[in-house]
Amino acid sequence: MSAPKVSKKEVNSNHDGADETSEKEQQEAIEHIDEVQNETDRLNEQASEEILKVEQKYNKLRQPFFQKRSELIAKIPNFWVTTFVNHPQVSALLGEEDEEALHYLTRVEVTEFEDIKSGYRIDFYFDENPYFENKVLSKEFYLNESGDPSSKSTELKWKAGKDLTKRSSQTQNKASRKRQHEEPESFFTWFTDHSDAGADELGEVIKDDIWPNPLQYYLVPDMEDEEAEGEEEDDDDEEEEGLEDIDEEGDEDEVEGEEDDDEDEEGEEAEEDEGEDD
């Protein structure tokens, strides 16, 4: 890579006798900077290769743990549908019938390709269900022959009258006449959408956010319950404090009342004494 040549510019100096850097010296400095930058770029490329090797190594080491986790998750009914419903971005894509269909989802697996950078695949495993014939639905993200991001997925084999992607649009048309709120487009349309594989938000959320730790989203309701209980306890404490304040105010009023009574009695006794003296 040849260094760009600097264009000659007039240098106006407010200091008489100041030495101006010659064009030749500037050009030499630029060439040296370019050489240093090339060395830095080569080092960055080497670092990327080393980081990729480390990622590949630990990706393999994680697989037995993911397998063990899947076996444990299988013991928890509705684990994955609960996880998806509790995730803020995924839940926004789910209609009521999508949730019903996802109750039959038993396992989710994310597999990154060996070189990691070239793509990944997400597999959804289903029990027998009233919606489609497929036991496994997959969507794969990869680089095509020209190096551009692409995707492909399993063809959904819907059972008669159960195509949620078609029912979704029909439901929206009917609902729009009756109410302003519309159901989201069916979650399952994601399997047929290959318009922007390089920026597939749902795929990236599942791969990078949910898959590394799905338990955190499965447990969201319990965490909210704990927070609600904590708030209730705080409210109870505040109520108790309020009652204590009222009791204290009442005690103070009683004391003041007793003092007033004592003063009245003393005044009456004084008046009687004066009458006797007269």
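Note that the structure is predicted; figures quoted are calculated from it, not measured.
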Visitor: Stepwise, does the salt bridge (charged side-chain N to carboxylate O under 4.0 Å, His left out) test hold for E55 with K53?
Guide: CA-CA 5 Å; E55 289 179 348; K53 290 178 181 177; over 6 Å; no

Visitor: If hydrophobic clusters are built from ILVMFWY residues whose side chains come within less than 4.5 Å, do V136 and F187 share one?
Guide: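 Unlinked, V136 and F187 end up in two clusters.
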
Visitor: Can you confirm whether more than 12 heavy atoms, excluding those of E201, are under 6.0 Å from its CD atom?
Guide: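 No - once you tally the heavy atoms of other residues, nucleotides and ligands closer than 6.0 Å, there are 12 at most.
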
Visitor: Pair I210, F84 - check side-chain contact (heavy atoms from CB on, under 4.5 Å), show working.
Guide: CA-CA 8 Å; I210 295 177; F84 286 160; 3.8 Å; yes

Visitor: Give the cluster check for I206 versus L156: same hydrophobic cluster or not, with ILVMFWY residues linked at side-chain heavy-atom distances below 4.5 Å.
Guide: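 Result: yes, single cluster for both.
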
Visitor: Take E128 and K135, measure what salt bridge (charged side-chain N to carboxylate O under 4.0 Å, His left out) needs, and give me the verdict at the end.
Guide: CA-CA 7 Å; E128 178 68 28; K135 298 297 183 184; 2.8 Å; yes

Visitor: Any link between I76 and L105 through a network of hydrophobic side chains (Ile, Leu, Val, Met, Phe, Trp, Tyr) touching at under 4.5 Å?
Guide: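 Yes, I76 connects to L105 through the hydrophobic network.
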
Visitor: Have D123 and S138 got a donor and an acceptor in their side chains that come within less than 3.5 Å?
Guide: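 On atom types as modelled, these side chains qualify, holding a pair under 3.5 Å.
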
Visitor: Would you please say whether a donor-acceptor pair under 3.5 Å links the side chains of D200 and H194?
Guide: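 Short answer, no.
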
Visitor: Can the ring centroids of F126 and Y104 be said to lie less than 6.0 angstrom from one another?
Guide: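 Here the rings of Y104 and F126 have centres that are no less than 6.0 Å from each other.
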
Visitor: Which of these, D98, T165, T192, sits in a side-chain hydrogen bond (donor to acceptor under 3.5 Å, both in side chains) with S186?
Guide: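 Considering D98, T165, T192, a side-chain hydrogen bond (donor to acceptor under 3.5 Å, both in side chains) with S186 is found only for D98.
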
Visitor: Determine, for W211 and R62, whether the Lys NZ or Arg CZ falls below 6.0 Å from the six-membered ring centre while staying within 45 degrees of the axis.
Guide: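 Not flagged: R62 not positioned over aromatic ring of W211.
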
Visitor: What about F141 and L143, same hydrophobic cluster or not, with Ile/Leu/Val/Met/Phe/Trp/Tyr joined at side-chain heavy-atom distances under 4.5 Å?
Guide: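 Result: no, two separate clusters.
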
Visitor: Quick one about D209 and Y217 (side-chain donor to acceptor, distance below 3.5 Å, no hydrogens or angles considered), yes or no?
Guide: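 Yes, side-chain donor-acceptor contact under 3.5 Å.
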
Visitor: Report yes or no: is the cationic atom of K207 (NZ for Lys, CZ for Arg) under 6.0 Å from the centre of the six-membered ring of Y120, at an angle within 45° of the ring normal?
Guide: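 Here K207 passes the 6.0 Å and 45° test against Y120.
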
Visitor: Taking the six-membered ring for Trp and the full ring for Phe, Tyr or His, determine whether the centres of F191 and F124 are under 6.0 Å apart.
Guide: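 Centroid separation for F191 and F124: below 6.0 Å.
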
Visitor: Report the C-alpha distance between E45 and R42 in whole Å, list the side-chain angles of each, state the deciding distance to 0.1 Å, and finish with yes or no for salt bridge (charged side-chain N to carboxylate O under 4.0 Å, His left out).
Guide: CA-CA 5 Å; E45 289 177 7; R42 278 192 287 272; over 6 Å; no

Visitor: side-chain contact (heavy atoms from CB on, under 4.5 Å), that's the test. Do W80 and Y125 meet it? Break it down for me.
Guide: CA-CA 11 Å; W80 285 108; Y125 294 81; over 6 Å; no

Visitor: For F132, is the NZ or CZ atom of K162 found under 6.0 angstrom from the centre of its six-membered ring and inside 45 degrees of the ring axis?
Guide: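 So K162 doesn't make the cation-pi contact.
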
Visitor: Please determine whether side-chain contact (heavy atoms from CB on, under 4.5 Å) holds for the pair V205 and H87, giving the CA-CA distance in whole Å, both sets of side-chain angles, and the decisive distance to 0.1 Å.
Guide: CA-CA 10 Å; V205 164; H87 192 283; 3.4 Å; yes

Visitor: Can you confirm whether more than 12 heavy atoms, excluding those of E155, are under 6.0 Å from its CD atom?
Guide: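 For E155, atom CD is not crowded (no more than 12 foreign heavy atoms under 6.0 Å).
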
Visitor: Does the N59 side chain pair with the main chain of K57, one donor and one acceptor, at a distance under 3.5 Å?
Guide: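 No; zero donor-acceptor contacts below 3.5 Å.
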
